[in-house]
Amino acid sequence: MRITAVESSVISMPFTMGGPHGRFAGQLWERMEILLVRVETEDGLVGWGEAFGHAAIATTKAALDTIVAPLVLGQDSADINGLTRRVLHGVHLLGRNGSFVYAFSGVEIALWDIMGKRCGQPVWRLLGGAAPERMPAYASLLSYGGDLDLVARNTAEAAARGYRHIKLHEVTREAVLAAKRAAPGAEIMLDVNCAWTPPVAREMARSLAGDGLFWLEEPVWPPEDAGGLASLGQYGIPLSAGENTAGLFGFQTLIEAGAIEIAQPSVTKVGGIGEMRRVIGLCEAHGVTVMPHSPYFGPGFVATLHVAAALVERPMIEVLWLEMEPNPFDPWVRCPDGQVRVPQGPGLGADPDPDILARTTRLPPTRIAI
């Protein structure tokens, strides 16, 4: 069945994060905004996807509305592999890792949702898996700017809520030690968001080597410096990366360099569910653990649940540590006790609540149709 319409919209919800709101890409981050992609086919089916946004929503949305959506209109909605090849080749001169790939990721997720609905099967079943009702999650704390009291308070609260793994977004050893004191039974991860050049990163890794970190995430700037990242392996801390990596061959570069023990592909950035599946297969062949990157609260998060349930041997789902108002994709984007629920319905199994969707939509949808 042909694709007859692609619609983009932005939903927006205020949130609290256990401390003062920080800045993201130079902007005050006090609302969770999600770039939704709605795809229709000629037989009346509707699929929902999510394209990577946050502070880049306007850019990704423009790429979707002006280039990607026109490219997919009239195409066979079931030919996901072929469409991926044609669209990403069609935009490759515009960037192999950025707004155009993010935009297509949202369309691709929606096509899997449609396929599942047409077949009457959940996406995890289409991927050849069997889903548990629940999977473990880890709390991904936002940055508290080095405030050790806030680090300790939120780490302790996350542990009390049932999380056994807690990730910090800080850049000091003192923050790691504060978290370990606050939750002595929890595993602590540290994500510094590419903060350090390799020489500084090696100094920091040496200082953290005896602290029992579960992993150290993206310690090196720039993130494509696979050799620089690999040089940290001598300190014995498991290294993770992948949210900024361009598709299958980007991960191949990291793996061949011996740079990572844990791969973190992101379904809303890497090209969608199909590319996630290819990355996971590559990691399996090389003995690299996969822990998907998923700091989202829409179809991208739900798609991650399906992929992890079907394809990841020991999944653990990243959940941002924040509280927001009612979300159109509740209850699937909530994690009340350190566990996430896996939808069992056809497709993604998580169509948005229309009333909440109308209430949270920030701008009128943009519709591109035949």
Side-chain angles (χ1 to χ4, degrees), residues 34 49-54 97 101-102 105-106 108-109 112-113 122-124 126-129 131-132 134-140 163-167 169 187 189 191 193 214-218 223 238-248 250-252 254-255 260-321 329 332-335 338-343 348-350:
I34 301 170
E50 177 181 350
F52 181 75
H54 294 307
N97 187 20
V101 180
Y102 303 164
S105 299
E108 201 263 9
I109 293 167
W112 279 92
D113 190 25
V123 167
W124 52 258
L126 299 182
L127 293 170
R134 295 176 179 271
M135 290 188 295
Y138 70 86
S140 187
Y163 288 101
R164 306 320 306 156
H165 295 76
I166 300 165
K167 184 166 80 177
H169 284 87
E187 298 281 5
M189 300 89 98
D191 181 358
N193 292 119
F214 196 71
W215 74 60
L216 176 60
E217 184 170 337
E218 289 200 320
L239 301 174
S240 68
E243 69 179 90
N244 293 303
T245 300
L248 179 71
F251 281 93
Q252 180 173 307
L254 290 175
I255 291 170
I260 56 172
E261 294 177 56
I262 299 159
Q264 297 171 302
S266 180
V267 73
T268 70
K269 301 179 77 173
V270 78
I273 291 171
E275 192 73 356
M276 282 280 284
R277 179 168 61 177
R278 288 183 278 274
V279 169
I280 291 169
L282 175 72
C283 292
E284 285 180 346
H286 289 84
V288 172
T289 297
V290 175
M291 293 287 181
H293 174 258
S294 59
Y296 314 123
F297 289 91
F301 181 82
V302 179
T304 301
L305 300 181
H306 284 268
V307 171
L311 302 176
V312 177
E313 184 175 5
R314 299 178 66 183
M316 186 166 60
I317 306 301
E318 180 179 18
V319 176
L320 278 186
W321 177 251
F329 296 92
W332 308 110
V333 295
R334 302 287 178 175
C335 183
Q339 301 277 317
V340 288
R341 294 172 55 194
V342 182
L348 294 179

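In this structure, CE in M276 is found 10.5 Å from CD in E108, a value given to the nearest 0.5 Å. To the nearest 0.5 Å, the span separating CE on M135 from CD on Q339 amounts to 9.5 Å. To the nearest 0.5 Å, the span separating NE2 on H54 from OH on Y102 amounts to 10.5 Å. For the atom pair CG of L216 and CD of E261, the computed distance is 11.0 Å after rounding to the nearest 0.5 Å. Atom CD1 of I260 sits about 6.5 Å away from atom CZ of F251, to the nearest 0.5 Å.
Figure legend: cation-pi geometry between K167 and Y138 absent, as NZ or CZ is not positioned both under 6.0 Å from the six-membered ring centre and within 45° of its axis.
Of all the heavy atoms in P295 and E318, the pair that sits closest is CD-OE1, 3.8 Å. The minimum heavy-atom distance between F329 and A350, with the atom names listed, is CD2-O, 3.2 Å. In plain terms, the two heavy atoms of E218 and G242 that are nearest each other are OE2-N, 4.2 Å. In terms of heavy-atom proximity, T245 sits nearest to G250 at CG2-C, 3.2 Å. Closest approach of A131 to V342, counting heavy atoms only: CB-CG1, 3.7 Å. Closest heavy-atom contact between H169 and S140: CE1-OG, 3.1 Å.
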side-chain contact (heavy atoms from CB on, under 4.5 Å), that's the test. Do I273 and V267 meet it? Break it down for me.
CA-CA 6 Å; I273 291 171; V267 73; 3.9 Å; yes

Would you please test L127 and W112 for side-chain contact (heavy atoms from CB on, under 4.5 Å) and show each step?
CA-CA 10 Å; L127 293 170; W112 279 92; 3.7 Å; yes

Going through the distances and angles, do H165 and M189 end up as a side-chain contact (heavy atoms from CB on, under 4.5 Å)?
CA-CA 8 Å; H165 295 76; M189 300 89 98; 3.9 Å; yes

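Each salt bridge (charged side-chain N to carboxylate O under 4.0 Å, His left out) pair with one or both residues in residues 270-283, not counting sequence neighbours, appears once here: E275-R278.
Judged purely by atom type and a 3.5 angstrom limit, Q264 uses its side chain to pair as donor or acceptor with the backbone of A241.
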May I have the list of side-chain donor-acceptor pairs in residues 296-314 shorter than 3.5 Å, sequence neighbours left out?
from : atom 1 : to   : atom 2 : distance (Å)
Y296 : OH     : S266 : OG     : 2.4
Y296 : OH     : T268 : OG1    : 3.0
Y296 : OH     : H293 : ND1    : 3.4
T304 : OG1    : G300 : O      : 2.8
H306 : ND1    : W124 : N      : 3.1
H306 : NE2    : L348 : O      : 2.9

For residues 283-291, tabulate all N or O donor-acceptor pairs below 3.5 Å that involve a side-chain atom, not counting sequence neighbours.
from : atom 1 : to   : atom 2 : distance (Å)
H286 : ND1    : L282 : O      : 3.0

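Side-chain atoms of K269 and N97 form no donor-acceptor pair, as typed in the model, at a separation below 3.5 Å.
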